[in-house]
Amino acid sequence: MHIDLSVKHVSKRFESFTAVDDVCFEVEKGKFFSILGPSGCGKTTLLRMIAGFEEPSEGNIFIGAQNMADIPPNRRPVNLIFQHLALFPMMNVAENIGFGLARRNESKAEIKKKVADILERVNLPGFDSKKIHQLSGGQKQRVAIARSLVLDPTVLLLDEPLGALDLKLREQMKIELKKLQEEVGTTFVYITHDQSEALVMSDHVAVMNEGRFEQIDRPQNLYSKPASPFVARFVGNNNRLPGTCVGYADGIAELKLTSGETIAAGTERQITPGAQAELFIRPESIIIEPAEELPELNRIQVMVSSILFDGANSQLLATSPALAEEFLISLPQNRQYEHICAGDRVEIGWDFRAGNCFTVP
Amino acid sequence: MKEKVLSLMVAGVFMLGLGSGVHAETLELLTWKGYAPKSLVEKFEKETGITVKTTFSNNEEMIAKLRATRGAGFDLAQPSQDRISSVQEKFNIYQPIDYTKIDATLIVPSMLEAVKKNTMVDGKSYGVPHVYGTSGLIVNKKVAPDAADYAALLDPKYEGRVSYRLKRPTLIAMAFAEGKDPFALYNDAEAYTALMESIGQKLIDAKGLVKTYWTNGDALLQSMRSGEVNVAMAWDNGGWKLNAENPDIDFIAPKSGALGWIDTFAIPAKAKNVDAAYKWINFMMQPENAAVFTNAEKYGTASAGAIEFYDEAVKANFQRSFSQADVDNIKWYPPVPAKLEAIEGKILDKVKAAQ
Amino acid sequence: MKTLAEAKSKLPLFIFLTPILLWLILLIVLPHLDLLRMSFRIENDYGDMVWSVNNYLEFFREPIYWLTFTRTALYAIIVTFLTLCISLPVAFYITKVAPPKFKGFLSLLLLMPFWVSELVRIYGWMILLRESGVVNHFLLRWGVLRQPVEMLYNDVAMTMGLVYTSMLFMVVPLLSVLDSLDDSLIEAAFDLGSSMITIVWKIIIPHAMPGIASGSIVVFMLSLGNYLTPNLMGGKNSLWFTEQIYNQFIASFNWNQGSAFGFLLLIISSLIIFVGLKLTKQKLSGVIQ
């Protein structure tokens with residue numbers, strides 16, 4: 001296993017504010033690694049430290065085996081795709097893409113050949129002499145990626161490059177980017193606040209919050225086995241149900257709700273009785289009007305407060321004295337639940353092991 | 001409502017116009033710096049109720065200004081007497097003086113006669129003498145005790161400590177210093193050109209000695225005060241002002257003769273307030289008023305009785321710098337014929353451009 | 001009916017345009033036409049005014065005139081170039097490096113000298129640089145010099161004075177054009193392997209080109225047409241072409257020659273700007289806005 005990027009105990013402080021706090025991670029060669037976090041979580045600062053635009057206050061960054069301390073951005077084997085792409089408007093497409101090659105003093109013929117090759121690769125053959133302002137959003141995207149990829153960087157850094165695109169194009173570019181990464185085999189480090197981008201494209205995703213990494217894992221695990229309440233809430237939709245632990249056995253905690261009811265809460269970790277805890281349960285884990293005979297089910301009577309129709313993603317909102325917050329419940333469009341209207345009282349239920357319970361710190 | 005506002009505005013404008021009409025009697029005076037001291041302007045305004053507006057200038061600009069407007073815009077100008085007749089002949093920018101409106105008893109008769117003669121065009125005269133003075137040398141005697149004539153301005157002994165104007169008096173002075181009489185050649189353009197070209201060449205050869213060609217009298221005095229310049233060609237009053245501060249510096253009448261000039265009163269052709277102009281002339285020539293001017297500016301005045309009101313220091317200045325022989329040797333400028341200016345201008349440009 | 005309505009709709013336009021047109025025609029066009037006419041008149045040997053191109057030929061016949069013009073134009077170009085060299089880093093510092101809260105203050109500092117007249121500014125420099133001036137005083141006191149040195153009245157002092165006088169007119173267009181430069185373009189170029197020098201050449205200057213061109217035109221024209229600074233700071237060796245025009249009008253009373261020189265200055269300086277625009281591949285319309 002070859003490690004292309006290794007970040008060791010990196011922190012960055014601005015006066016009294018800590019933007020990045022003791023972050024460690026490694027990215028294997030050829031992987032698509034994403035850093036997912038809300039805006040202001042420090043992910044851009046982290047990326048700029050890898051690119052060399054900021055100096056870490058503490059810790060080290062290694063690219064390949066080389067320590068990057070005191071190496072300026074223009075001499076690092078990484079390239080950055082900027083949020084707004086930063087294509088040079090005073091140059092045409094070929095000059096933009098050839099810019100980095102020319103800085104390496106490569107011959108004109110060589111540059112021409114490489115530019116043509118990479119344009120082919122990003123599906124823009126013959127665009128050499130087009131001006132930047134003549135390109136569409138998606139084409140600009142591809143030129144920006146080509147401009148960096150042509151330099152064959154060890155790691156390609158991407159700073160929310162799809163943020164400026166409209167929804168349709170974003171969906172399309174997600175797939176294109178993933179394909180391209182698989183084809184060229186370059187290591188990608190991608191930062192975004194859009195969980196869907198991260199989950200769809202990445203081999204591994206790090207979830208970042210307030211300068212720290214909460215969890216680094218494969219997308220599936222992030223979703224099914226969040227390591228912290230923050231991850232549970234941030235990745236995908238989740239319903240929260242707080243309570244006090246009154247017993248624990250074999251991966252299931254007994255949770256006493258504020259309303260006095262007791263439910264069973266599946267958990268990955270030991271929870272000591274008496275601790276405050278909260279259960280996170282995904283909307284699609286909840287069964288509406290579960291059959292009487294189903295075993296090991298938490299059952300609660302709720303009132304439907306509204307129905308959110310969104311095709312396959314339709315959901316309903318439900319309230320109950322037992323629930324501290326309004327619950328979001330998947331509403332499969334298989335005609336089985338057509339009779340449910342806002343204001344109805346229904347029973348819902350979920351498997352004892354369906355949720356994730358965490359102690360409240 | 002609209003109409004009311006409009007009529008109010010019209011009335012307002014009308015009243016403004018009327019108001020300024022009542023107090024509108026002004027005298028537009030085109031003169032040299034220092035020729036209209038503030039105290040005298042205030043006194044005049046008090047006595048007559050006429051507001052005086054002054055514009056400071058020099059001979060060349062005065063002529064250019066009046067030429068541009070064909071003699072309009074000013075009620076009274078003060079060109080040198082030698083720059084009137086040819087200009088008047090060519091551009092017709094002045095009107096003849098009505099000498100009956102001037103109190104001749106206030107003016108030194110010989111000067112009045114000389115100026116009348118020199119400013120005559122087609123039998124009419126255009127000037128009244130006001131101020132006279134000379135150009136000569138201002139010398140720091142401690143550093144340059146031997147500087148006695150214009151030749152000192154070309155003397156390598158004073159390298160870097162010499163200053164003069166790049167104007168026609170310098171050319172004329174240098175010609176006198178060589179023993180020539182440029183005034184005698186005024187009407188022989190060819191000989192005059194040849195003489196001036198040889199003078200120009202001398203100035204070019206000696207250019208390295210010059211600190212700078214001064215253009216502003218106050219700046220020159222500052223340079224002499226600070227010892228940056230020790231020998232300069234300039235007006236007598238500047239030397240006398242410096243002498244009052246530093247006895248080492250004084251005005252010297254050069255051996256080959258100080259250049260005497262008389263600045264006059266002349267009335268522009270399209271003057272609006274001619275009466276005020278004559279009032280100002282008679283006012284300025286009153287002995288006590290003329291003395292106020294002379295005591296402040298150190299220039300001589302053509303006012304007949306002013307000498308009685310002179311400060312002792314002012315009288316002493318003249319006696320110190322001018323012996324009777326020096327007075328007799330003053331070269332008074334005769335009227336400048338047309339075309340000489342162009343010849344001189346080109347030579348002066350060449351001197352300035354030379355490296 | 002329709003034509004009436006049309007005329008009515010154009011009326012406000014005419015009302016607005018009339019003062020501007022009057023101003024242009026009465027104060028700019030007519031005097032220039034008169035000067036143009038004057039420049040083609042000379043006095044013949046009999047003292048009569050006749051038509052001739054002699055005033056223009058005189059410029060080329062007499063070396064002192066065209067040499068002075070060449071000198072003036074060369075110095076104006078040098079001044080423009082130096083002003084650019086100084087203003088670009090200054091403008092870059094203000095827009096990109098300085099903390100945002102100081103930007104207004106720094107721009108104000110630049111503007112400050114322009115609250116006093118050019119004459120006062122020049123006299124300020126003269127007080128500093130003259131032989132008995134402030135700079136000499138301190139150099140003597142610190143033992144750098146044994147003898148005071150005259151720093152005024154030479155071409156270096158004059159060039160410096162002109163650069164100082166025109167700096168603002170270069171910095172202001174550069175500020176606005178650099179302000180519109182996205183920082184990430186500079187970072188992107190850095191990221192793609194550029195050195196600082198290549199960034200300046202390949203990114204900053206091409207981006208700032210319209211501002212550089214408009215600033216340069218203004219500074220060039222101001223320097224070429226300056227009268228005070230060369231005269232006062234350049235001293236005895238600094239014959240400037242404007243001074244020659246002044247001398248023709250004022251000292252020699254030769255308005256015809258002076259007008260011809262004025263028009264030659266206009267034509268040749270326009271030509272130099274035209275060549276400059278062509279060389280930098282800028283369009284006048286793009287530069288003016």
Side-chain angles (χ1 to χ4, degrees), chain B residues 57-65 67-68 83 86-87 89-91 160-168 189 200 203-204 206-216 218-219 222-229 336 338-355, chain C residues 31 34 42-43 45 47 49 58 62-72 119 122-123 126-127 130-133 136-137 147-150 152-155 157 227-228 230-241 243-258 261:
Chain B
S57 187
N58 60 37
N59 267 325
E60 288 82 6
E61 282 179 7
M62 256 183 234
I63 296 164
K65 275 196 171 98
R67 184 183 161 190
R83 306 295 282 272
S86 68
V87 170
E89 245 170 83
K90 208 164 173 188
F91 307 127
R161 296 284 173 252
V162 169
S163 187
Y164 42 83
R165 285 202 304 166
L166 215 48
K167 287 269 155 74
R168 63 186 307 268
L203 292 181
I204 291 172
K207 191 171 177 179
L209 310 179
V210 178
K211 176 83 170 181
T212 189
Y213 300 122
W214 64 269
T215 49
N216 176 308
D218 292 334
Q222 181 52 37
S223 299
M224 297 213 65
R225 235 175 244 134
S226 62
E228 289 177 16
V229 171
V336 185
K339 278 199 174 172
L340 287 197
E341 275 110 348
I343 296 168
E344 292 156 354
K346 207 166 192 172
I347 288 163
L348 294 172
D349 271 354
K350 273 186 192 158
V351 176
K352 177 102 192 239
Q355 291 297 321
Chain C
D34 194 42
I42 60 159
E43 198 180 45
D45 292 340
M49 298 307 286
E58 183 73 6
E62 186 65 68
I64 175 181
Y65 295 141
W66 59 261
L67 279 176
T68 306
F69 185 86
T70 314
R71 193 189 118 87
T72 309
L119 194 66
I122 298 301
Y123 273 114
M126 291 178 77
I127 288 168
R130 65 189 304 164
E131 199 181 338
S132 58
N136 266 305
H137 175 80
Q147 206 76 52
V149 175
E150 182 58 88
L152 269 181
Y153 312 133
N154 55 54
D155 291 342
Y227 178 79
L228 276 175
N231 218 335
L232 290 175
M233 290 186 76
K236 60 181 183 178
N237 291 321
S238 66
L239 188 56
W240 210 244
F241 196 66
E243 194 182 340
Q244 239 156 16
I245 297 176
Y246 174 89
N247 283 345
Q248 288 299 335
F249 272 95
I250 304 295
S252 305
F253 304 134
N254 195 342
W255 288 21
N256 309 89
Q257 187 70 67
F261 283 1

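Just so it is clear: chains get the letters A, B, ... in the order the sequence lines come, proteins before strands, and each one is counted from 1. For clarity, every value in this text was computed on a predicted model and none was experimentally measured.
Panel note: side chain B/Glu228, backbone C/Ser132; a donor-acceptor pair is recorded below 3.5 Å. At distances below 3.5 Å, at least one donor-acceptor pair connects side-chain atoms of B/Arg67 with backbone N or O atoms of C/Phe253. In terms of modelled atom types and a separation under 3.5 Å, the side chain of B/Lys352 and the main chain of C/Lys236 share no donor-acceptor contact.
No part of B/Glu344 comes within reach of chain C, as not one of its non-hydrogen atoms sits under 4.5 angstrom from that chain. Contact of C/Glu243 with chain B is made through the side chain alone, with heavy-atom distances under 4.5 Å. The parts of B/Lys207 that come within reach of chain C are both its backbone and its side chain, each placing non-hydrogen atoms under 4.5 angstrom from that chain. In this structure, the portion of B/Arg83 lying under 4.5 Å from any heavy atom of chain C is its side chain and not its backbone. Of the two parts of B/Ala354, only the backbone, made up of N, CA, C and O, holds a non-hydrogen atom closer than 4.5 Å to a non-hydrogen atom of chain C. With a 4.5 Å cut-off on non-hydrogen atoms, B/Asn216 touches chain C through its side chain but not through its backbone.
Interface summary for chain C: among B/Lys167, B/Lys211, B/Lys339, the most heavy-atom pairs under 4.5 angstrom belong to B/Lys211.
Side-chain contact between B/Tyr213 and C/Asn231: absent, with no pair of heavy atoms (C-beta onward) separated by less than 4.5 Å.
Not counting sequence neighbours, B/Asn58 has no partner by the side chain to side chain donor-acceptor pair (under 3.5 Å) test. Scanning for side chain to side chain contact (heavy atoms under 4.5 Å, CB included) contacts around C/Glu62 gives B/Lys346, B/Lys350, C/Glu58, C/Ile64, C/Tyr65, with sequence neighbours left out.
Closest approach of C/Arg130 and B/Ser226 over heavy atoms only: NH2-OG, 4.3 Å. Of all heavy-atom pairs spanning B/Asp349 and C/Gln244, the tightest one is OD2-CG, 3.5 Å.
The OG atom of C/Ser252 lies 11.0 Å from the CG atom of B/Leu340; values are rounded to the nearest 0.5 Å. Put simply, CD1 on C/Ile250 and CG on B/Asn59 are 12.0 Å apart, with the number rounded to the nearest 0.5 Å.
Checked by atom type, the side-chain pair C/Tyr246/B/Glu60 shows no donor-acceptor distance below 3.5 Å.
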